[in-house]
Amino acid sequence: MDKPISNENEEKKSLNFIEQLVEKEIKEEKHNGKILTRFPPEPNGYLHIGHAKAICVSFGIAKKYGGKTNLRFDDTNPAKEEARYVDAIKEDIKWLGFEWEGEPKFTSDYFDQLYTWACDLIKKDKAYIDSQSSEEMAKQKGTPTTPGTHSPNRSRSVEENLDLFERMKNGEFEEGTHVLRAKIDMAHSNMHMRDPLMYRIINAPHHRTGDKWHIYPMYDWAHGESDYIEGITNSLCSLEFEIHRPLYEWFVENIKSDMYQPLQSEFARLNLNYTVMSKRKLLQLVEENLVTGWDDPRMPTISGLRRRGYTPKSIIDFADTIGVAKRNNTIDVAVLENSVRNDLNKTAPRVMAVLDPIKVVIDNFTEGEVEWLDAENSQEDESLGFRKVPFTKEIYIEREDFREQANKKFFRLKLDKEVRLKNAYIIKAVSVEKDEEENITVIHATYDPKSKSGSGTEESLRKVKGTLHWVSVSESVDAEIRLYDRLFMNENPDGDKEKDFKEFLNPDSLEVITAKVEPSLKECKSQDRFQFQRMGYFVADNDSTANKLVFNKTVGLRDSWAKKDK
RNA sequence: UGCCCCAUGGUGUAAUGGUAACACAUCGGUUUUUGGUACCGCCAUUCAAGGUUCGAGUCCUUGUGGGGUAACCA
């Protein structure tokens with residue numbers, strides 16, 4: 001049982017490129033061996049599975065090397081951001097099981113310091129106020145092959161710049177009339193270095209600072225500086241910020257007063273097929289009521305996955321499986337589904353629920369009798385024990401589990417053939433009743449009284465190929481079941497230039513049915529997860545009450561019969 | 001068009017100059033009172049061409065392909 005430590009180390013040897021970098025820094029005692037990362041969401045929407053990956057990367061690397069992680073809301077644009085998102089984001093991170101260091105931080109906490117530093121840059125002649133329109137400035141920016149030209153305002157005096165900047169701050173100007181720009185190099189091959197904007201005027205109240213400010217810092221100016229203020233050692237972000245790194249470094253180098261400097265590293269964001277991963281598009285789905293909300297179980301949001309029945313562990317395992325690298329990737333949703341199945345297979349108690357019921361009458365079973373049978377709660381975890389399930393003369397089975405005639409490949413119930421009822425008896429179908437339209441309404445069967453499951457009799461040990469789940473007609477209860485399919489029919493819904501992503505919405509992504517479930521489920525609580533045996537994993541929805549059970553389908557079981565039967 | 005990044009099975013991720021591994025998917029099989037789980041097997045000489053080396057997926061050069069980038073968004 002006790003493995004040698006060296007063995008474990010060998011197994012874990014493989015490191016992603018960020019881990020390699022951090023191990024190198026630790027070895028070189030770069031920050032005295034300290035690691036502090038940050039997760040910097042903008043509070044303008046809910047977190048999705050892509051953020052979950054980023055959370056696992058930033059929190060994960062710190063955790064692995066004995067460091068900490070700050071949660072910092074990047075709230076530099078009051079026009080787009082709202083306080084309600086702050087709470088949702090905190091809840092999602094906590095639910096995943098990560099703990100941020102101290103209180104949550106806000107970029108807006110640093111507005112004063114940022115303003116002071118901006119004044120310092122003006123005084124050092126490294127920033128100036130530009131009073132042109134954005135069109136004029138865009139024109140002067142040049143193109144990738146031709147250098148830009150200087151703004152006529154570039155040579156304004158320090159005094160004039162300082163005066164204008166203060167008046168901008170005080171709200172004396174309209175939006176769009178002035179901006180503060182860094183004075184770097186209008187001929188730089190990296191367009192981001194051609195005198196980038198640091199501040200713009202926004203006359204909108206901020207969710208935390210109210211109407212104190214009329215100027216707000218741009219991302220590039222605020223981010224590295226916030227990292228510097230907090231003492232972040234490794235600032236991990238996605239690939240599209242790679243080209244911003246020289247600017248990130250230029251800003252920090254020009255304001256810092258010591259040897260310390262945070263390092264930005266970039267990794268590829270997560271893409272999943274059959275969904276969209278843009279907050280703007282997810283917001284559209286919510287606002288146009290194409291889903292029921294940010295936590296609709298079809299949404300790739302963390303709150304949606306939670307309501308769908310995903311576990312924190314399954315999401316963390318998923319992030320671990322897909323890895324961290326620099327190349328663009330698209331992960332098959334099947335990988336995500338696999339991680340939740342893996343977790344739930346080990347943890348979810350098994351119960352019986354019939355989703356599409358058809359009645360079976362056991363002709364030789366006593367009318368009115370209820371026999372309570374023992375049923376194992378999990379084949380994967382003995383400690384979950386047993387429960388009682390009621391067996392009666394009339395039961396329901398799944399409609400698709402019966403055919404009058406079928407070939408040998410069909411292991412389920414057919415006329416004159418035997419099948420085992422899970423936890424109960426072996427039965428044989430003898431006849432059917434049909435309505436005028438030839439639809440089967442009732443199946444008649446006989447049972448073998450000596451074949452009771454677990455009894456150990458010769459009859460019970462008989463080899464029968466098929467085993468069906470079932471519930472008692474009189475003792476079962478109704479439950480609303482919400483069956484979900486993928487939200488989009490296209491693998492890459494936002495990859496078509498001609499078509500809007502919403503054209504690919506799957507009209508059948510939600511199906512609501514009423515199922516018959518075993519009576520033990522009456523006791524279940526919201527968020528309880530189960531395997532409905534042979535059907536899949538289901539979770540009690542928040543809408544579920546003692547009087548009306550509601551379950552969401554998390555994911556189906558792997559089904560090799562469904563594939564063959566096609 | 002400039003600059004930056006990337007290139008390993010169908011999809012992802014490893015191999016840190018020394019026998020291309022793992023996960024998912026697919027297909028086939030064994031076990032099974034869930035057509036589940038578990039287990040086994042099939043599936044790539046690493047974008048191309050040169051070079052360095054006893055030895056290259058790994059280092060160098062060139063090419064090709066993909067992505068990013070020129071918001072008063074982050």
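Below, read A as the first sequence line, B as the second, and so on, with proteins coming before strands; counting in each chain starts at 1.
Set against B:U16, B:C6, B:G36, the side chain of A:Lys326 has B:C6 as its closest nucleotide. For A:Ala334, taking side-chain heavy atoms from C-beta onward, the closest of the listed nucleotides B:A25, B:G35, B:U37 is B:A25.
Residue-to-nucleotide contacts include no donor-acceptor pair under 3.5 Å from the side chain of A:Arg341 to the base of B:U37. One donor-acceptor pair, N or O on each side, does fall under 3.5 Å between the base of B:U16 and the side chain of A:Gln20. For a distance-only test at 3.5 Å, the side chain of A:Glu242 fails to qualify as a donor-acceptor partner of the base of B:G67.
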Could you run down the sub-3.5 Å N/O contacts of the protein with nucleotides 7-11 of chain B?
| residue | atom | partner | partner atom | Å |
| --- | --- | --- | --- | --- |
| B:U11 | O3' | A:Thr330 | O | 3.4 |
| B:U11 | O2' | A:Thr330 | O | 2.8 |

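A heavy-atom distance below 4.0 Å to RNA chain B is reached by these residues of residues 174-192 of chain A, ordered by number: A:Gly176, A:Val179, A:Ser189, A:Met191, A:His192.
With respect to A:Lys388 and A:Asp374, a salt bridge is recorded, a charged nitrogen being found less than 4.0 Å from a carboxylate O. The pair A:Arg200-A:Glu175 does not count as a salt bridge, with every side-chain nitrogen at least 4.0 angstrom from each carboxylate oxygen. A salt bridge is absent between A:Glu418 and A:Lys428: the closest approach of a Lys/Arg side-chain nitrogen to an acidic carboxylate oxygen does not fall below 4.0 angstrom.
For the pair A:Lys169 and A:Tyr115, the cation-pi test (distance below 6.0 Å, angle within 45°) is passed. In this structure, A:Arg208 satisfies the cation-pi test against A:Phe106, with its NZ or CZ atom closer than 6.0 Å to the six-membered ring centre and inside 45 degrees of the ring normal. In this structure, A:Lys465 is positioned above the aromatic face of A:Phe411, its NZ or CZ under 6.0 Å from the six-membered ring centre and within 45° of the axis.
Regarding contacts with the backbone of B:U26, a side-chain N or O of A:Lys563 is found under 4.0 angstrom from either OP1 or OP2. A close approach under 4.0 Å does occur between a side-chain nitrogen or oxygen of A:Ser560 and OP1 or OP2 of B:G36.
Using a 4.0 Å heavy-atom cutoff across all strands shown, A:Ile243 reaches at least one base atom of the nucleic acid.
For A:Tyr274 and A:Phe488, the distance between ring centers is not under 6.0 angstrom. The six-membered or imidazole ring of A:Tyr46 lies away from that of A:His51, with a centre-to-centre distance of 6.0 Å or more. Checked against the 6.0 Å centroid threshold, A:Tyr219 and A:His223 count as a close aromatic pair.
Side-chain contact, A:His48 with A:Thr301: no donor N or O sits under 3.5 Å from an acceptor N or O.
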Exercise. Dot-bracket for RNA chain B, please, read 5' to 3', with Watson-Crick or G-U wobble pairs under 3.5 Å on both distances, ( ) within the strand, [ ] crossing, | other strand, . unpaired.
Key: .((((((..((((....[..))))..((((.......)))).....(((((..]....))))))))))).....
Practice problem: Show the numbers, then the answer: is there a side chain to side chain donor-acceptor pair (under 3.5 Å) between A:Glu81 and A:Asn44? | Solution: CA-CA 5 Å; A:Glu81 295 148 8; A:Asn44 67 345; over 6 Å; no
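When the C1' atom of B:C22 is taken as reference, atom CG of A:Asn338 falls 13 Å away, rounded to whole Å.
For B:G35, the base is stacked against the aromatic ring of A:Trp561, per a cut-off of 5.5 Å between centres and 30° between planes.
Of the residues near RNA chain B, A:Gln531 and A:Pro41, the one whose nearest nucleotide (by heavy atom distance) lies more toward the 5' end is A:Gln531.
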